[in-house]
There are 2 protein chains.
Amino acid sequence: MNSNVTPIRKQNKRRENELVILQAAEKVFAEAGFGGATMQLIADVAGLPKANVHYYFSTKEELYRQVVSNIFEVWLAAAGTFEAASGPAEGIGAYIDAKMEISRTHPAGSKVWASEVMHGAPIIQDYLETKLVAWTNGRIDVINTWIAAGLMDPVSPRHLLYLIWSSTQHYADFGHQIQTLNTGTPLTDDDWQAAKTAVKQIILKGIGVKT
Amino acid sequence: MNSNVTPIRKQNKRRENELVILQAAEKVFAEAGFGGATMQLIADVAGLPKANVHYYFSTKEELYRQVVSNIFEVWLAAAGTFEAASGPAEGIGAYIDAKMEISRTHPAGSKVWASEVMHGAPIIQDYLETKLVAWTNGRIDVINTWIAAGLMDPVSPRHLLYLIWSSTQHYADFGHQIQTLNTGTPLTDDDWQAAKTAVKQIILKGIGVKT
DNA sequence: AGCCTTCCTGACCATTCGGTCAAGAATTTT
DNA sequence: AAAATTCTTGACCGAATGGTCAGGAAGGCT
């Protein structure tokens with residue numbers, strides 16, 4: 001009886017395979033774009049037959065949507081630093097740190113997101129219109145209170161957010177270009193530290209926050 | 001005689017058609033990515049039969065390479081502002097202005113470039129390694145002289161350039177996201193002005209340049 | 001054990017895509 | 001005028017792709 005409940009072992013198997021497929025898909029989508037990615041290649045990277053991938057994700061678009069959704073969640077979660085902060089030095093500084101860390105540890109996800117948005121967000125437009133709009137407006141309010149309290153210069157909160165997003169995500173999305181300019185070798189720990197420091201230093205000083 | 005020389009009228013026809021095709025291709029590649037773009041759609045946008053497109057550009061990759069090359073030239077040309085400047089206030093300020101203007105007038109090109117780099121620059125890696133490296137190192141030298149002359153803070157020139165590139169190109173590459181956050185309507189002249197002002201204000205102040 | 005649900009997979013299909021080709025139209029050269 | 005060159009285009013082709021399906025394997029339930 002109870003045909004609606006899947007046993008635990010089976011559930012684990014399902015979760016495991018879904019995870020393997022999602023990770024493979026994120027990588028392939030990031031490298032080839034939605035149009036360039038093939039289900040066959042995703043299956044190969046995941047180490048499964050193509051038909052098995054279709055068993056868990058019936059269409060390419062559904063799989064892609066899952067990938068983008070996951071990225072969006074990671075993205076939003078890492079922004080919690082903002083709210084708890086007592087002022088811009090701590091709040092924005094920690095936010096930049098968190099976003100730089102995502103660019104370093106999650107570059108494929110960032111690329112998929114960028115690719116999706118660049119192509120007009122055909123799949124996740126609803127996310128943009130609801131969740132992202134709400135989140136953005138909330139942070140704009142926070143920044144405005146900081147400005148009103150004289151904790152930072154009266155800069156446009158909206159464009160400040162864009163500046164933070166772009167400068168931090170650049171290290172993921174354009175990682176290949178950065179590596180090429182870095183004598184062709186990947187950034188070291190020190191390189192990443194220098195990048196983080198430079199971005200924070202310029203932006204924080206640029207908005208009149210003492211560090 | 002002289003079978004190697006194409007007559008003027010024919011040459012014009014060739015140039016005209018190549019231009020139409022290149023513009024159509026830039027738009028389609030920007031919207032769909034290399035993999036998602038189809039020769040049929042490019043032909044439709046150009047208003048020509050597909051076979052005619054293949055007459056001028058034998059393969060999809062050749063057409064794509066042409067598009068990316070053109071963008072790269074525009075990109076480099078617009079950076080001349082840097083050299084002629086007497087100091088960072090003028091040089092970097094004008095550079096940011098120029099890059100913002102390209103983002104506004106040439107968004108498709110910026111997207112194609114971003115897409116190409118994000119996927120590992122499979123087509124124009126040689127451009128990165130030669131021209132871009134040379135250009136970047138040249139500007140780093142200029143910035144270092146400004147720092148040595150006490151005209152600006154001792155920030156990492158390399159990361160400053162990345163910050164400028166990312167923040168300005170963001171308005172092209174993520175234009176759709178920005179429009180969605182801007183109550184769904186395109187940026188007005190005033191919006192663009194505000195964006196330009198905010199970016200310049202934060203970056204220039206951030207590197208210790210008085211405006 | 002016997003039954004049921006879930007999982008796995010090779011073979012297959014319809015569609016689409018990049019690219020070809022041959023035949024003709026247009027234009028230039030002789 | 002006629003020969004030569006360039007341009008145009010519908011029809012076509014092989015290859016690749018997203019997706020299907022039937023039949024069987026594996027695991028869980030009574």
Side-chain angles (χ1 to χ4, degrees), chain A residues 1-22 24-29 31-68 112 119 122-123, chain B residues 1-22 24-29 31-68 112 119 122-123:
Chain A
M1 66 147 77
N2 215 347
S3 59
N4 285 335
V5 172
T6 309
I8 292 177
R9 296 261 298 271
K10 288 278 185 178
Q11 272 190 15
N12 285 345
K13 185 123 201 159
R14 171 167 278 271
R15 273 192 204 140
E16 239 171 68
N17 281 339
E18 283 178 351
L19 193 67
V20 168
I21 293 169
L22 283 170
E26 181 180 288
K27 189 179 169 192
V28 173
F29 281 133
E31 283 171 3
F34 180 80
T38 69
M39 294 298 275
Q40 184 62 63
L41 183 56
I42 292 172
D44 289 349
V45 172
L48 296 170
K50 194 184 69 167
N52 205 1
V53 175
H54 271 101
Y55 174 75
Y56 287 105
F57 300 92
S58 51
T59 68
K60 185 183 178 183
E61 188 171 317
E62 183 190 326
L63 175 55
Y64 178 72
R65 191 181 171 82
Q66 262 300 316
V67 169
V68 178
V112 175
H119 299 346
I123 308 289
Chain B
M1 68 146 79
N2 217 347
S3 59
N4 284 334
V5 171
T6 309
I8 293 175
R9 295 257 302 266
K10 286 278 185 180
Q11 270 191 18
N12 286 344
K13 186 125 200 157
R14 172 168 277 271
R15 272 191 206 140
E16 238 172 68
N17 279 339
E18 283 178 350
L19 193 67
V20 168
I21 293 169
L22 283 169
E26 180 179 289
K27 190 179 169 191
V28 173
F29 281 134
E31 283 171 2
F34 179 81
T38 69
M39 294 298 275
Q40 185 61 63
L41 183 56
I42 291 172
D44 289 348
V45 172
L48 296 170
K50 193 184 70 167
N52 206 359
V53 175
H54 270 101
Y55 174 74
Y56 287 105
F57 300 91
S58 53
T59 69
K60 186 183 179 183
E61 190 171 317
E62 183 190 326
L63 176 55
Y64 178 72
R65 183 189 288 272
Q66 263 298 318
V67 170
V68 177
V112 175
H119 298 347
I123 308 287

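All chains are named by letter (A, B, ...) in the order of the sequence lines, taking the proteins before the strands, and each is independently numbered beginning at 1. Please read all numbers here as calculations on a predicted model, not as lab measurements. What you see below is based on every heavy atom in this structure, not just the backbone, and it leaves out hydrogens, waters and symmetry mates.
Lys60(A) has its NZ atom 16 Å from the P atom of dA16(D), to the nearest Å. Across the protein-nucleic acid pair, Glu18(B) atom CD and dC7(D) atom C1' stand 13 Å apart, rounded to whole Å. The interatomic distance linking Ile42(B) (CD1) with dG18(C) (C1') rounds to 11 Å, in whole Å. Here dC17(C) presents its P atom at 14 Å from CZ of Phe29(B), a figure rounded to the nearest Å. Regarding Glu62(B), its CD atom lies at a distance of 15 Å from the P atom of dG18(C), rounded to whole Å. Separating the NE2 atom of His54(B) from the P atom of dA22(C) is a distance of 17 Å, rounded to the nearest angstrom.
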Write down the protein N/O and nucleotide N/O pairs, taken from nucleotides 9-16 of chain C, whose separation is under 3.5 Å; answer none if there are no such pairs.
unit_1	atom_1	unit_2	atom_2	d
dT9(C)	OP2	Asn52(A)	ND2	3.4

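In this structure, the side-chain contact (heavy atoms from CB on, under 4.5 Å) partners of Ser58(B), at least two apart in sequence or on a different chain, are Glu62(B). For Glu18(A), the salt bridge (charged side-chain N to carboxylate O under 4.0 Å, His left out) test picks out Arg14(A), with sequence neighbours left out. Evaluation of the salt bridge (charged side-chain N to carboxylate O under 4.0 Å, His left out) rule for Arg65(A) yields Asp126(A) as partners, not counting sequence neighbours.
Within a 6.0 Å radius of NZ in Lys60(A), other residues, nucleotides and ligands contribute more than 12 heavy atoms.
No engagement by Ala43(A) is indicated, since no non-hydrogen atom pair under 4.0 Å with the nucleic acid exists. Backbone-only engagement by Tyr56(B) is indicated by non-hydrogen atom pairs under 4.0 Å involving sugar-phosphate atoms exclusively.
A ring pair (Phe, Tyr, Trp, His ring centres under 6.0 Å) check over residues 37-66 of chain A, counting only residues at least two apart or in different chains, returns the pairs Phe29(A)-Tyr64(A), Phe34(A)-Tyr64(A). Screening residues 34-48 of chain B for side-chain hydrogen bond (donor to acceptor under 3.5 Å, both in side chains) gives Gln40(B)-Asp44(B) as the qualifying pairs, with residues at least two apart or on separate chains.
Regarding contacts with the backbone of dT6(C), every side-chain N or O of Arg14(A) stays at 4.0 angstrom or more from both OP1 and OP2.
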